[in-house]
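Notes to accompany the following structure.
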Amino acid sequence: MSTQLTIALAKGDGIGPEIMDATLELFRAAGVMNHLHFVPVEMGASVFGKGNSKGMTDEAIKTVEDVGLVFKGPMETPKGGGGKSINVTLRKMFNAFANVRTFRTLPGVHTVYSKAGVHIDMTIVRENIEDTYGGVEHRLSNDMIQCKRLISAPGCDEVHRFAWQLARKLGLKKVFCGHKANIMKMTDGMFLERYKAAARDFPEIEAADVIVDALCMNLVIKPQQYQMVVLPNLQGDIVSDLCAGLVGGLGFAPSANIGKHISLFEAVHGTAPDIAGKGIANPTALILSGLMMLRHIGLLTQAAVIENALLAALERGVRTGDFGDASKPVLGTKAYVQAIVDLLGSKPTTVPAVAVPEKAESGPTFSRPPKPTSQTVIRTFSNVVRHVVGCDIYLDTPLSPVSVAEEMQRICEDTPFKLSLVSNRGTQVWPTGSAYTECVDYYRVRFELKEGHRPGDFGQARCVALLDKVAEKFQVCSYELLRVFDGVKGYSLAQGQ
Ligand code: NAI
């Protein structure tokens, strides 16, 4: 027996324990347990139930940090009450910045595409830390709530570099970046720009991009044209569920959350509360996630043997109730896995078998950088010359645009700033605008330097003084400085400006 590699095991909630036990049974039968030692960690509903708002114990966190690998079942997110999703917390806390989801046509899993002879084999790489998943939300007025969309250059660089390296490893010819940079010119614009910058180191692979709404349509019409798409977090989440639908549903969608130090492997689906405890859940997505983990740690032979047995079972019509040929018997979770165990050593005949390495590995290979002693600050750009040129102040007021503008002009009279814009829900309503634009109780008033002043003449203190003056008369709900970076505006224009 080789040295065993330790992996943290969280069986999860709902169907989690059923599908995890079944998956581990398959791994045991394939000899995987000779190489791996699973340590249970306490996470999920039972931990939330004890009043722990993180959903995981301190011991669980320490184990995950010590071992660097987690195999997890789905976990329930408490509804309402401000409780955060433990699944998102895990990815963010341990900096698992790339979420890799693979979608493949499988034998015996009938879809409109498989019936039409369309073969799908696609990987979605989703940025996993930033975007609206920062979960930074505020109520700004009676009627307005904000969710901040945070996209950083180093965050983009990490996921793009990973995606390009994966594409090279998989021998892909073309990679797409999905985005909405036509509307969100700064956030998605940077995601796309950093994608193109990273592409320069991979000249043998074509770098293409596609707007996310067009991507969704193309995926439904001609999914086989995509091999890999890289997307920001929220768009990647939505698109990957669409892709799961293309290959037969969530029961066949595995995922890996990859970080520099810690990686987590889990199915895309949730806890399926409607079928939990019935012993009928489909464990395929978790098995496939487990295979991603085995490959991640270099157990290629065992991954290939298990995958071939799974494919051989599927093509024989082995199925759980959520898919497959209705003329074949429906198996429960345990019987389904037993049927795969019985076929270990077999290969599929109707689809290409996965190549089994000539020489089996002597054991897992897994290494990671030394443990950081504190949080690292990652940076892409430095030495940028930045100047303050004004500020946007956000007001909670039911006044009309004209009244807001009149008040603001009075307030800024004796300051270096002039009122240049009033907008409501991102649309300009002063100095020009349409009577048809409906307004809510939340305004942006933009102040910019008066003629005769140049960027760099004043620091942020003058803007803060202006904020004070506005706050004496109005409810201020938030505030942003306007800055130029190496002479380029670091803020967007209003719609209609
Ligand atoms: P879900 O994925 O649990 O279920 C959606 C539908 O798919 C249900 O009808 C369910 O029965 C079916 N389904 C899912 N997995 C299946 C499987 N392996 N075999 C057969 N049928 C399956 O999504 P839902 O209902 O929106 O979420 C339930 C809970 O799971 C929530 O608390 C949610 O927060 C959590 N969740 C956790 C995730 C994770 O741990 N990574 C991911 C998604 C949701």
Side-chain angles (χ1 to χ4, degrees), residues 8-23 26 41 43-49 54-56 60 64 70-94 96 99-101 103 106 108-109 124 126 128 133 135 233-234 236-245 247-258 263-290 292-293 310 314 318-324 330-337 340:
L9 179 74
K11 290 189 180 180
D13 308 316
I15 59 169
E18 302 161 47
I19 55 174
M20 184 59 86
D21 287 342
T23 301
L26 173 60
V41 284
M43 290 179 185
S46 62
V47 184
F48 279 117
K54 279 204 288 278
M56 53 188 141
V64 172
V70 186
F71 193 27
K72 74 175 276 290
M75 289 177 195
E76 187 185 313
T77 300
K79 288 202 184 82
K84 294 267 183 187
S85 157
I86 184 175
N87 306 302
V88 176
T89 303
L90 279 167
R91 297 167 196 164
K92 289 166 67 73
M93 188 163 163
F94 299 126
N99 184 264
V100 185
R101 297 176 167 188
F103 305 96
L106 293 167
V109 184
I124 299 288
R126 162 187 168 195
N128 221 13
Y133 283 69
N233 205 339
L234 178 61
D237 192 11
I238 296 166
V239 167
S240 53
D241 266 33
L242 188 160
C243 293
V247 296
L250 287 169
F252 304 95
S255 85
N257 302 282
I258 305 289
S263 298
L264 306 102
F265 299 82
E266 62 180 334
V268 169
H269 63 71
T271 58
D274 49 335
I275 57 167
K278 296 184 180 164
I280 58 172
N282 178 359
T284 313
L286 188 64
I287 294 171
L288 293 171
S289 309
M292 289 172 95
M293 181 176 73
L310 170 66
L314 291 173
V318 171
R319 68 180 192 113
T320 47
D322 55 311
F323 77 99
V330 169
L331 302 181
T333 312
K334 283 187 183 163
Y336 178 82
V337 160
I340 303 170

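Start at 1 and go down the list; that is how both ligands and their atoms are numbered.
- When Gly270, Ala276, Ala10 are ranked by how near their heavy atoms come to atom 1 (P) of ligand 1, first place goes to Gly270.
- Taking 4.0 Å as the cut-off, Ile19 does not count as a neighbour of ligand 1 on heavy-atom distance.
- Summarising the contacts of atom 5 (C) of ligand 1 with Leu250, Thr284, Thr271, Ile275, the nearest heavy atom is found in Leu250.
- Remark: ligand 1 atoms within the under-4.0 Å shell around heavy atoms of Met75 are 35 (C), 36 (N), 37 (C), 39 (C), 40 (O).
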Exercise for the section: Check the pair Leu288 / Leu310 against side chain to side chain contact (heavy atoms under 4.5 Å, CB included), numbers first and verdict last. Expected result: CA-CA 9 Å; Leu288 293 171; Leu310 170 66; 3.7 Å; yes
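- In this structure, Thr333 OG1 and Met20 CE are separated by 13.5 Å, a value rounded to the nearest 0.5 Å.
- Proximity of Val41 to Met56: side-chain heavy atoms (C-beta onward) are nowhere separated by under 4.5 Å.
- Taking only nitrogen or oxygen atoms, main chain and side chain alike, Glu76 does not reach within less than 3.5 Å of ligand 1.
- The backbone N or O of Asn128 sits nowhere less than 3.5 Å from a side-chain atom of Asn99 that would complete a donor-acceptor pair.
- Atom CZ of Arg101 and atom CD1 of Ile124 lie 9.5 Å apart (nearest 0.5 Å).
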Handout entry: Steps toward side chain to side chain contact (heavy atoms under 4.5 Å, CB included) verdict (Val330, Phe323)
Key = CA-CA 9 Å; Val330 169; Phe323 77 99; over 6 Å; no
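- The closest approach between Ile86 and ligand 1 stays at or above 4.0 Å for every heavy atom of the residue.
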Practice task
Apply the test side chain to side chain contact (heavy atoms under 4.5 Å, CB included) to residues Met43 and Leu90: give CA-CA distance (whole Å), side-chain angles for both, the deciding distance (0.1 Å), then the verdict.
Solution key: CA-CA 10 Å; Met43 290 179 185; Leu90 279 167; 3.8 Å; yes
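- A cation-pi contact, defined as under 6.0 Å to the ring centre and within 45° of the axis, is absent between Arg91 and Tyr133.
- Not a single heavy atom of Ala285 sits under 4.0 Å from any atom of ligand 1.
- In summary, the atoms of ligand 1 found under 4.0 Å from a heavy atom of Pro273, numbered by their order in the structure, are 28 (C).
- The contact set between ligand 1 and Asn282, taken as ligand atoms under 4.0 Å from a residue heavy atom, comprises 17 (C), 18 (N), 19 (N), 20 (C).
- Neither the backbone nor the side chain of Thr320 comes within contact range of ligand 1; no heavy atom lies under 4.0 Å.
- Across the listed options Gly249, Gly73, Ala272, Ser255, Ala272 owns the non-hydrogen atom lying nearest to atom 13 (N) of ligand 1.
- Shown in contact with Thr77 at under 4.0 Å from a heavy atom are these atoms of ligand 1, numbered in order with element: 32 (O), 34 (O).
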